[in-house]
Protein chains: 2
Amino acid sequence: MAHHDRGERVAFSISDLSTELGLSTRAIRYYESLGLLNPDRTTGNHRLYTRKDRARLRMIQRGRMLGFTLQEIADLLHLYDVDPSERVQYARGIELTRKHLTTVRHRIRELSLLEQELARALAEAEEKFSQLDHDPMSDQRVEK
Amino acid sequence: MAHHDRGERVAFSISDLSTELGLSTRAIRYYESLGLLNPDRTTGNHRLYTRKDRARLRMIQRGRMLGFTLQEIADLLHLYDVDPSERVQYARGIELTRKHLTTVRHRIRELSLLEQELARALAEAEEKFSQLDHDPMSDQRVEK
DNA sequence: ACACATCTTGACGCTTACGTCAATTATTTG
DNA sequence: CAAATAATTGACGTAAGCGTCAAGATGTGT
């Protein structure tokens, strides 16, 4: 694996990607079983990933981290590899993308609100904490 | 349930909240079993929720939608109801809040990136679509 | 007080997203 | 080329987050 080619690698083994991305090989194979990936195989049937596959894996990873299901991620990814001549699917794809976009924007708003609340709570807690510096309950004087 | 008191209700049954928030009663009870709620009980052991409980449920709901686990949500919620005199827990709480804040900010960034990608993909798709306006495959004229 | 709607606690079921062997086959390396 | 290392499929296991009965206690309207 990894013919130290000039510049960037072109093909990766499953463990290459596993190590690089911090995903288990099981997870990667599972994603494939759900149709999120379709790597080539060597003559010996070992999976061979391209940079595109790696990019897809990164997207899957991000999607998961952001709370999307593998099914949702699959739907989105499929939009990117439908044959552009499949006009019938076009409108449907646009529709789906709009829906996801709406969801994403909604989540951004919600997360922003949560951020504000957390930040406020944190500031408040920190202030109270600093005021309790040498608290009145413990008469133990720590030096200085 | 709901003694049409003047102004706002003060107590809710589990199905009140279930209906109002769109959560199953099973889910609500499950949250309680994990310690996320602690409603009072009637003499007959039926759960009685306050407005605060409702607020907590809303937070749980938001947290779930944003991809947090019930355990993470529980940790955060517990920060809000520790007795403020529990100074020992203070530092820990501040630490935890900081961590969550970091996570939230990270997710906001990731989601923003995703938003941009989706928006770009959508614009691109829409343009191509509009150029295929009356596509050469279908000679069916819809009136007007 | 009666009937009917609600609620309560189990307990088992199900889906998602993998973890963890196990038995084989490929590939790599000394 | 033999031994060690890595990959493959299959099958079973698991944790989270509820859904879905079931059987009985409680609440409500008349």
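Convention: sequence-line order gives letters A, B, ...; per-chain numbering from 1.
- When the nearest nucleotides of DNA chain D are assigned to B:Leu70 and B:Thr43 by heavy-atom distance, the more 5′-ward of the two goes with B:Leu70.
- A donor-acceptor distance shorter than 3.5 angstrom exists from the side chain of A:Ser112 to the backbone of A:Ile108, with no hydrogens or angles considered.
- You'll find that the side chain of B:Arg64 is closest to D:dC18, out of C:dT8, C:dC18, D:dC18.
- Summarising the geometry, the separation between CG on A:Leu36 and C1' on C:dC18 is reported as 14 Å, rounded to the nearest angstrom.
- Looking at B:Arg120, its side chain never comes within 3.5 Å of a backbone N or O of B:Glu115 through a donor-acceptor pair.
- Regarding B:Ile28, its CD1 atom lies at a distance of 10 Å from the P atom of C:dT8, rounded to whole Å.
- For B:Tyr30, the side-chain atoms get nearest to D:dG17 when compared with the rest of D:dG17, D:dT9, C:dT9.
- The A:Ser15 side chain lies nearest to D:dA6 when the options are D:dA6, D:dT8, C:dC18.
- For A:Ile14, the side-chain atoms get nearest to D:dA7 when compared with the rest of D:dT26, C:dC18, D:dA7.
- Between A:Phe129 and B:Tyr90, the ring-plane angle classifies as parallel under the 30° and 60° cut-offs.
- Fit an axis to the five pairs at each end of the helix from C:dA1-D:dT30 to C:dG30-D:dC1 and the two axes sit 30° apart, to the nearest 10 degrees.
- Partners of B:Thr102 according to the side chain to side chain contact (heavy atoms under 4.5 Å, CB included) rule, which considers only residues two or more places apart in sequence or in another chain, do not exist here.
- When rounded to the nearest whole Å, the span between CD of A:Gln71 and P of C:dA17 equals 9 Å.
- A donor and an acceptor atom sit less than 3.5 Å apart, one in the side chain of B:Arg26 and one in the base of D:dT20.
- Listed candidates were C:dG19, C:dC7, D:dG27. Nearest to the side chain of B:Thr42 is D:dG27.
- The distance between atom CD of A:Glu72 and atom C1' of C:dT15, rounded to the nearest whole Å, is 14 Å.
- Taking atom CG on B:Leu48 and atom P on C:dT6, their separation rounds to 16 Å, with Å as the unit.
- Set against D:dT8, D:dG17, C:dC7, the side chain of B:Leu34 has D:dG17 as its closest nucleotide.
- Counting only distance, with no hydrogens or angles, the side chain of A:Gln61 and the backbone of A:Leu21 share a donor-acceptor pair below 3.5 Å.
- Evaluation of the salt bridge (charged side-chain N to carboxylate O under 4.0 Å, His left out) test over residues 58-77 of chain B, restricted to residues two or more places apart or in two chains, returns A:Glu110-B:Arg62, A:Glu117-B:Arg62, B:Glu20-B:Arg58.
- Using modelled atom types, no side-chain atom of A:Arg47 and backbone atom of A:Ser13 make a donor-acceptor pair closer than 3.5 Å.
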